[in-house]
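A short write-up of the structure that comes next.
Counting begins at 1 with the first residue of the sequence. Note that the structure is predicted; figures quoted are calculated from it, not measured.
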Amino acid sequence: MLIGRKEEIRKLKEAYESEYSEFVAVYGRRRVGKTFLIRETFNYQLTFSHTGLSKKNTRSQLREFYLSLKRHGDKDTPSPSNWQEAFDCLSTFLENSSDKKKVVFIDEMPWMDAPRSGFLQALEHFWNGWATARKDILLIICGSASSWIINKILKNHGGLHNRVSTRIHLKPFTLNECEEYAVSRKLGMSRTQLAEAYMIMGGVPFYWSKLDRTKSLAQNIDSLFFSTDGEFRHEFDELYASLFQRPEKYLKIIETLATKKAGLTRGELAVKSGLDDNGKLSQMLENLSYCGFIRKYCHLGKKVKDAMYQLIDNYTLFYYQFIRNNPSTDDNYWTKSIGRPQYNTWCGLAFERLCLLHTRQIKAALGISGILTHVYSWFAAPSEDKQGAQIDMLIERADNVLDICEMKYSQTPYAITSGYRNTLLNKAGRLSDETAGKQAVHIVMVTVNGLVRNQYTDIINNEITLEDLFRP
């Protein structure tokens, strides 16, 4: 059953109904459901489909392509010796097809582009020299190695420049979509449990598909991540190896950012990771951002060159926090961790990331979806007579309002204390001073179960709860 993905389905069907041949590129992180989306959208009725082989040479790739043609009924195809011949064979096969629109789906295409294979040049010739001269071809390419698709196809400066007619960046599910998926699989989870699962796995559908409805969430996490043969115990290495052909430098970036909650500037990142601050670093950061592992954001009032890079992938952060250097061999590690200080600290930080990944829902709850906004962070250093201030989510609105979003995780309604009230007032005051009072400053509390009404809640302008984050 296909959950969500309405906009992506619309784009695919629109390409199918086009009166011309169309070239569609679908990309996104491993396990996000790219292949499933395409197969389900076309009800598995594809004129030709092929999947590249991981870490295989050109000869093996060509052999597999030849076998795919045979599986689709092309019995007389000779075995190609190069990619030009392979695509010529595909052209002949498609010419003989009676399908009104010939849907060609090539999955894991980045794996097919072995060094000096001539693959890209053959693909260019196939599309420019043959497919565009017809009106009945829908070519869909796909791959987890998003950096390859972005740099070799979408940013191609040669024969494939501007040839892709539809781009689909398939992103992880939102909380709302995860809930819909959980209901469809009868997982029987509360919204608090759904949120905690999201804080661990993010919205990656494949991870959610492995949850066993006969087990509690804690038992599932133990089984999948901490048992000796847990399916996701070694997912980390496979994840980055599948996305990037040479993942070592990417992992240096990830490992460095994992140590800094708020992230680092590009210059700081280069120094701490030992990587050269050059164009290659820019490209790697851009690729990680495209894949959804990091986000680039600015501090209010700072220039773009001072932007911060922050690791926001929930699974990756969970891995560094609890799996990577975990000496425990206890298959029930997660169950026994619940309620301990490390767990409680993680909940607070993970809930902040959950909120950052659902800023659209927060803005909807504030009633400002139709207002131009920018999301920043902000800080002020302490001075002789003033405390320092740090704001992790600051929404600047075109209606001259600054929303300070304070995110607090608690299993029960959150109680603002006298000390915390003073902290909030200091943040609001320092921010107002910084902007010379030109914009109104509002304090927004984002909690799991709302606030305890007491004498200190009078300074809160808006309240947002976990329920609001489940908005579509």
Check against salt bridge (Lys or Arg N to Asp or Glu O under 4.0 Å), K11 and E8: CA-CA 5 Å; K11 287 183 177 181; E8 292 83 358; over 6 Å; no
Note, D222 side chain near D331 side chain (heavy atom, < 4.5 Å): no
Neighbour count above 12 (heavy atom, 6.0 Å) for R71 CZ: yes
F470 six-ring face occupied by R191 cation (under 6.0 Å, within 45°): yes
Validation row: R471, H358 side chains within 4.5 angstrom (heavy atoms): no
L53 backbone acceptor or donor facing Q61 side chain under 3.5 Å: yes
Side chain to side chain, Y16 and F42, heavy atoms closer than 4.5 Å: yes
Validation row, ring centre F119 to ring centre W83 under 6.0 Å: yes
Pair E352 + K261, salt bridge at N-O below 4.0 Å: yes
Salt bridge present between D136 and K100 (N-O < 4.0 angstrom): no
Point-to-point distance, once rounded to the nearest 0.5 Å, from CG of L90 to CG of L123: 10.0 Å
Minimal non-hydrogen separation, M407 against C355, with atom names: SD-CB, 3.3 Å
Plane angle bin for F226 and Y333 - parallel if under 30°, tilted between 30 and 60°, otherwise perpendicular: tilted
Test item: T132 side-chain N/O and W127 main-chain N/O as donor-acceptor pair under 3.5 Å: yes
V104/L94 under side chain to side chain contact (heavy atoms under 4.5 Å, CB included): CA gap, chis, key distance, verdict: CA-CA 9 Å; V104 179; L94 294 174; 3.6 Å; yes
Working for side chain to side chain contact (heavy atoms under 4.5 Å, CB included), residues L120 and K152: CA-CA 8 Å; L120 266 182; K152 296 293 184 72; 3.9 Å; yes
Side-chain heavy atoms of P205 within contact of R31, under 4.5 Å: no
Modelled atom types, side-chain donor and acceptor of T41 and K13, under 3.5 Å: no
W346 and F322 aromatic ring geometry - parallel, tilted or perpendicular at 30°/60° bounds: perpendicular
Ring centres under 6.0 angstrom apart (H299, Y376): no
Check: Y66 ring centre within less than 6.0 Å of H50 ring centre: no
Flag side-chain contact, heavy atom, 4.5 Å: W130 against I137: yes
F87 and F65 aromatic ring geometry - parallel, tilted or perpendicular at 30°/60° bounds: tilted
Closest contact, heavy atoms only, T256 versus S273: OG1-CB, 3.4 Å
Shortest non-hydrogen contact from I149 toward A25: CG2-CB, 4.3 Å
F236 atom CZ, over 12 foreign heavy atoms within 6.0 Å: yes
Salt bridge flag under 4.0 Å for residues E95 and K102: no
Test side chain to side chain donor-acceptor pair (under 3.5 Å) applied to T316 and Y240, step by step: CA-CA 10 Å; T316 300; Y240 286 92; 2.8 Å; yes
Polar side-chain atom of D403 near backbone of C405 as donor-acceptor pair, under 3.5 Å: no
Approximate separation, where rounding is to 0.5 Å, of M112 CE and D107 CG: 10.0 Å
Y315 and Y320 aromatic centres sub-6.0 Å: no
No-hydrogen, no-angle side-chain donor-acceptor test under 3.5 Å, S144 and K34: yes
Other residues, nucleotides, ligands: >12 heavy atoms within 6.0 Å of K101 NZ: yes
Aromatic Y297 / basic R295 pairing, under 6.0 angstrom, 45° off normal: yes
Spatial distance of atom CD1 (I253) from atom CE (M284) [nearest 0.5 Å]: 4.0 Å
Separation between OH of Y309 and CG of L281, rounded to the nearest 0.5 Å: 7.5 Å
Y20 atom OH, over 12 foreign heavy atoms within 6.0 Å: no
Residue pair I391 / S377, side-chain heavy-atom distance below 4.5 Å: no
Backbone N/O of P472 and side chain of R360: donor-acceptor pair under 3.5 Å: yes
Distance in Å, R397 CZ paired with L366 CG, rounded so as to fall on 0.5 Å steps: 6.5 Å
Crowding at CG, D399 (>12 non-hydrogen neighbours, <6.0 Å): yes
Side chain to side chain donor-acceptor pair (under 3.5 Å) evaluation trace for N176 with T174: CA-CA 5 Å; N176 177 270; T174 62; 4.9 Å; no
Candidate pair T373 and K363, rule side chain to side chain donor-acceptor pair (under 3.5 Å), full reasoning: CA-CA 9 Å; T373 61; K363 288 188 280 189; 3.0 Å; yes
Heavy-atom check, side chain of W378 versus side chain of D392, under 4.5 Å: no
R59 CZ: over 12 foreign heavy atoms closer than 6.0 Å: no
Heavy-atom side-chain proximity of Y198 to L469 below 4.5 angstrom: no
Under-4.0 Å salt bridge between D313 and R353: no
Carboxylate-amine/guanidinium proximity below 4.0 Å for R324 and E255: yes
Partner of I168 under side-chain contact (heavy atoms from CB on, under 4.5 Å), chosen from I38, I140, V24: V24
R30 with E235: basic N within carboxylate O range, under 4.0 Å: yes
Short N-O contact, E248 and K252, less than 4.0 angstrom: no
Shortest non-hydrogen contact between S165 and E22, atoms and distance: OG-OE1, 2.6 Å
Nearest-0.5 Å distance that lies between atom CG in L187 and atom CD in Q193: 10.0 Å
S97 to D99 - nearest heavy-atom pair and separation: OG-N, 3.2 Å
Heavy-atom neighbours of R167 CZ exceed 12 at 6.0 Å: no
Side chain D276, main chain N278, donor-acceptor under 3.5 Å: no
Ring centres under 6.0 angstrom apart (W334, F225): no
For the student: nearest non-hydrogen atoms of R266 and L285, plus distance: CG-CD1, 4.4 Å
N57-S60 side chain donor-acceptor pair, cut-off 3.5 Å: yes
